[in-house]
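Notes for the one structure printed next.
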Amino acid sequence: MPDRPDWTWEYEGYDPAQERLRESLCTLGNGYFATRGAAPECTADSVHYPGTYAAGCYNRLTSDVAGHQVENEDMVNLPNWLPLRFRTGSGTWLSPDTHKLLDHHQRLDLRSGTLERTLRYEDESGRHLAVRQLRLVHMVDPHLALLRTEFTAEGWSGEIEVESALDGTVTNTGVERYRSLASRHLTHVHAGTATDDTVWLRCRTSTSDIRIGLAARTVTGASAETRTAHEGTRAAYLLHIPVTDGRTVTVDKTVALHTTRDPAISDPLHAAVDRVSRAPDFAALLTSHRTAWQQLWRNAELDVPNSAGPILRLHLFHVLQTLSPHTADLDVGVPARGLHGEAYRGHVFWDELFVLPYLNLHFPEVSRALLTYRHRRLGRACSAARDAGHTGAMYPWQSGSNGREETQQLHLNPRSGRWLPDHSHLQHHVGSAIAYNVWQYCEASGDAEFLHTKGAEMLVQIARFWAGIAAYDATLGRYRIRGVVGPDEYHEAYPGADKPGLDDNAYTNVTASWVLARTLDVLRGLPEPRRRDLFERTALDPGELNAWEDVSRKLHVPFHDEVISQFAGYGDLAELDWDGYRERYGDIRRLDRILEAEGDTVNRYQASKQADVLMLGYLFSPAELRSLFRRLGYELDDATWQRTVDHYLRRTSHGSTLSSLVHGWVLARARRADAWTYVHEALAGDIADLQGGTTGEGIHLGAMAGTLDLVQRGLTGLEPRGGALRLDPVPLPELSEYGFAIRYRGHWGVQLRLCSGELRITVPASDRDPIDIALADRTVSVAPGESCTLALPDR
Ligand code: BGC
């Protein structure tokens with residue numbers, strides 16, 4: 001665990017076994033691109049993995065897997081801009097793996113968005129060289145990055161040689177499980193010299209044909225002898241710098257990155273060379289970068305005084321580096337693993353469900369852009385539905401460049417070494433996540449324009465998909481959705497079945513009913529001209545709406561033993577010997593892999609990877625969930641919900657970081673005494689790498705953002721609804737004091753602070769209308785420039 005004073009995240013010493021994890025957690029980014037916190041003097045090997053990823057920059061490659069030709073789309077590892085190696089006199093290049101490191105310290109400064117590294121090497125002749133490095137990925141100019149290195153000879157004078165490079169030899173090999181797949185995404189790599197101190201590298205992605213240009217300008221205050229030494233696909237600039245005992249010399253490397261996905265450029269290489277030549281000096285870039293971060297922190301203020309505070313701040317830092325205000329100008333979705341590594345290939349899943357509700361109340365324009373990413377791919381989702389014999393929009397479980405289904409066809413079980421068919425693309429519930437986010441975003445921002453245009457178009461097609469795929473079963477007198485996979489990805493088929501998919505997944509059906517009901521509400525509220533346009537555009541007819549109404553009220557939700565069944569027949573599955581497996585394997589998070597390696601299958605058991613039915617308690621407040629069930633003709637009383645929570649809690653292995661988050665959230669209301677264990681696990685997920693080595697392959701963005709939202713919406717019960725802010729705080733003793741600021745319907749910096757059973761709301765002065773705050777027993781109106789303190793009812 002790192003030392004962590006409030007605003008810094010620090011690692012002492014060099015530990016090769018921890019390096020990948022630290023690289024992920026020390027990644028710096030600005031929403032446009034990010035670079036892992038790798039040591040600049042090291043190249044990719046079994047310890048180090050320098051990776052740079054630009055949001056939305058994907059490429060497809062075909063690989064031969066177990067005799068099948070499979071195509072995968074990956075977020076491309078771009079040429080490495082970090083390389084800066086050095087040696088003393090004629091010694092060998094210094095590296096933590098070959099030379100003695102006298103000390104090594106890393107310090108991620110969250111307030112300033114910088115990563116500092118201080119270290120001291122001993123060379124072959126026993127001479128000491130102190131090195132201090134500071135790097136940033138610029139938050140104002142998203143195309144710029146900077147690496148300052150200071151060298152100090154200790155006890156000797158002579159010369160050091162420094163090589164500052166741009167490395168185009170990189171491949172996508174950051175994830176062990178994908179190693180046997182094709183990984184070379186960059187072609188036509190060329191290196192060259194622009195001016196005395198500037199080298200460049202250009203290349204393109206092999207199939208998506210994105211052209212990439214990088215330029216690096218390296219300057220030193222010392223009198224150095226310099227030359228270029230390009231080697232094929234690596235641009236290099238060499239500096240011979242005289243050093244004097246105790247005197248520090250500085251080398252600044254400024255890098256610019258452009259791709260043909262950028263607006264307003266004609267040629268990425270020229271743009272990069274031009275940008276780097278005009279870039280201000282180190283001090284000016286650092287100042288503007290720090291100011292941008294200060295503004296970000298003000299807009300996303302979160303104050304949690306206890307030990308959770310620094311972790312939440314780190315989570316917020318990584319969320320803001322992946323999805324920054326720059327994201328608002330990009331055509332990108334929410335990459336499940338940030339821009340921090342190659343796990344899940346940079347794909348976009350339903351994880352935005354855990355991210356947008358947080359962003360909506362801070363950076364609504366970023367949420368809007370992320371939803372627009374989905375809207376741009378609505379046509380593709382409609383084609384996917386048509387191709388599968390359905391109507392409406394069938395959004396892909398994994399989305400990348402163009403909204404095609406990118407879920408891998410085969411996945412490797414590293415335990416058994418077997419490649420297995422992957423049916424997770426049957427998680428059509430992703431469509432409901434998109435619809436939920438459209439609704440949430442519009443409620444929080446009041447963006448009627450989006451709701452009435454792109455939002456309504458997506459809602460209509462997602463609702464249409466659900467109504468179309470639901471088939472009436474006369475025996476049950478209900479509609480059934482068959483052949484799907486729910487959020488718990490363990491269950492993909494009935495035991496012994498010859499085709500994948502399960503019937504009547506409760507989460508899928510209840511959320512589908514919600515989508516249908518909300519879409520009908522939105523259609524009713526549309527201004528008449530817009531309603532006509534939308535009906536024409538989507539060929540909607542009133543008969544279809546009647547069918548939606550009917551389906552929304554009659555979708556089947558299965559029950560067994562007085563609890564909601566995860567899917568039809570779930571109650572007939574075998575019970576797993578949880579204690580026996582825990583005893584035998586210790587960590588059973590990936591129970592699916594354990595059972596498969598034993599020649600068994602998790603499909604046979606009442607065992608879930610993550611919250612599935614319980615996700616309903618994450619998305620909907622208790623009152624809303626009751627009314628949803630009532631609409632469907634079921635009475636969901638507290639006792640049934642409580643039994644349901646207890647049932648799944650005992651049968652979930654938490655094989656996803658999202659699981660502990662959702663359980664913590666749900667238990668805070670349903671079984672408070674147990675909630676903290678899960679909240680704590682959600683907080684520790686990435687910093688302690690609880691999913692066994694996966695954080696080194698990229699952070700878990702959904703869980704990180706989810707923990708922020710746990711404070712913001714989970715514990716406060718905050719719901720922007722119908723133009724008012726509803727609050728229903730629930731006390732969690734371990735997280736009983738907190739404050740944060742939100743942006744709400746044109747009000748900036750609305751402060752909410754919960755402390756000693758009181759809630760204080762402060763609305764900054766502006767010419768906006770007062771904000772209506774609704775608690776269970778009263779509604780108050782807080783005018784701009786005013787504060788209000790409310791005593792909370794005992795719970
Ligand atoms: C989880 C999914 C999630 C995906 C990407 C999987 O392990 O089961 O729910 O969407 O990771 O984060």
Side-chain angles (χ1 to χ4, degrees), residues 24 72-75 175 177-178 315 318-319 322-323 333-356 370 374 395-400 405-408 411-414 420 422-434 436-437 484-492 505 507-508 511 566 587-593 602 607-616 618-619 648 652-663 665 681-682 685-686 689-707:
S24 281
N72 285 307
E73 182 172 71
D74 285 77
M75 180 169 78
V175 177
R177 294 182 301 292
Y178 308 160
H315 288 182
H318 286 302
V319 170
T322 312
L323 303 166
V334 175
R337 306 299 285 273
L339 300 171
H340 297 56
E342 292 163 14
Y344 290 130
R345 306 191 159 82
H347 290 174
V348 176
F349 298 61
W350 73 323
D351 300 48
E352 61 204 57
L353 191 54
F354 301 86
V355 179
L356 262 67
L370 296 166
R374 293 298 196 175
Y395 272 99
W397 172 239
Q398 295 188 28
S399 182
E405 178 59 80
E406 300 295 348
T407 302
Q408 57 192 348
H411 66 247
L412 178 70
N413 179 359
L420 306 157
D422 192 319
H423 301 300
S424 56
H425 67 277
L426 294 174
Q427 290 187 75
H428 301 315
H429 64 82
V430 61
S432 297
I434 295 166
Y436 182 88
N437 273 339
V484 300
V485 168
D488 154 43
E489 301 180 318
Y490 279 176
H491 294 96
E492 288 193 331
N505 173 253
Y507 172 80
T508 303
T511 51
Q566 194 172 303
D587 184 348
I588 57 164
R589 282 190 172 84
R590 292 311 301 261
L591 193 58
D592 56 334
R593 292 180 178 165
V602 72
S608 304
K609 176 183 183 187
Q610 65 199 80
D612 193 302
V613 176
L614 299 195
M615 271 301 297
L616 294 172
Y618 181 79
L619 296 190
Y648 292 101
T652 302
S653 77
H654 308 294
S656 157
T657 50
L658 298 172
S659 193
S660 42
L661 167 72
V662 175
H663 281 85
W665 183 297
E681 183 159 326
D686 270 330
D689 197 9
L690 291 185
Q691 297 287 336
T694 60
T695 302
E697 302 168 343
I699 54 152
H700 297 84
L701 194 71
M704 281 195 170
T707 55

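Throughout, residue positions are numbered sequentially from 1 according to the sequence presented. Keep in mind the model is a prediction, meaning the values are calculated, not measured. One-based numbering, in listed order, for ligands and for the atoms of each.
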Can you tell which of V319, T322, N437, L356 makes a side-chain contact (heavy atoms from CB on, under 4.5 Å) with V334? L356
V613, L619, L614 screened by side-chain contact (heavy atoms from CB on, under 4.5 Å) with Y507, the one that passes: L619
Please report the closest heavy-atom contact between [X] and [Y], naming both atoms and the distance.
X	Y	answer
M75	L339	SD-CD2, 3.8 Å
I699	H318	CD1-CB, 3.8 Å
V430	P396	CG1-O, 3.5 Å

With heavy-atom distances below 4.0 Å as the criterion, list the atoms of ligand 1 near [X].
X	result
W350	2 (C), 3 (C), 9 (O), 10 (O)
A336	5 (C), 12 (O)
D351	3 (C), 5 (C), 10 (O), 12 (O)
L658	9 (O)
E489	1 (C), 2 (C), 6 (C), 8 (O)

Does W397 reach ligand 1, in the sense of a heavy atom lying below 4.0 Å from it?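 Checking ligand 1 against W397, which is what was asked, there is a heavy-atom contact under 4.0 Å.
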At under 4.0 Å between heavy atoms, what of Q610 touches ligand 1? The answer is side chain
Measure K609 to ligand 1 on non-hydrogen atoms and call it side chain, backbone, both or neither using the 4.0 Å cut-off. side chain
Taking the inter-plane angle between the rings of Y344 and F349 on a 0 to 90° scale, is it parallel (under 30°), tilted (30 to 60°) or perpendicular (over 60°)?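 Rings of Y344 and F349: perpendicular, over 60°.
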Determine, step by step, whether E492 and D422 satisfy the side chain to side chain contact (heavy atoms under 4.5 Å, CB included) criterion, reporting the C-alpha distance in whole Å, the side-chain angles of both residues, the deciding distance to 0.1 Å, and the verdict. CA-CA 9 Å; E492 288 193 331; D422 192 319; 4.2 Å; yes
Atom 6 (C) of ligand 1: which of Y344, F349, Y490, F354 has the nearest heavy atom? Y344
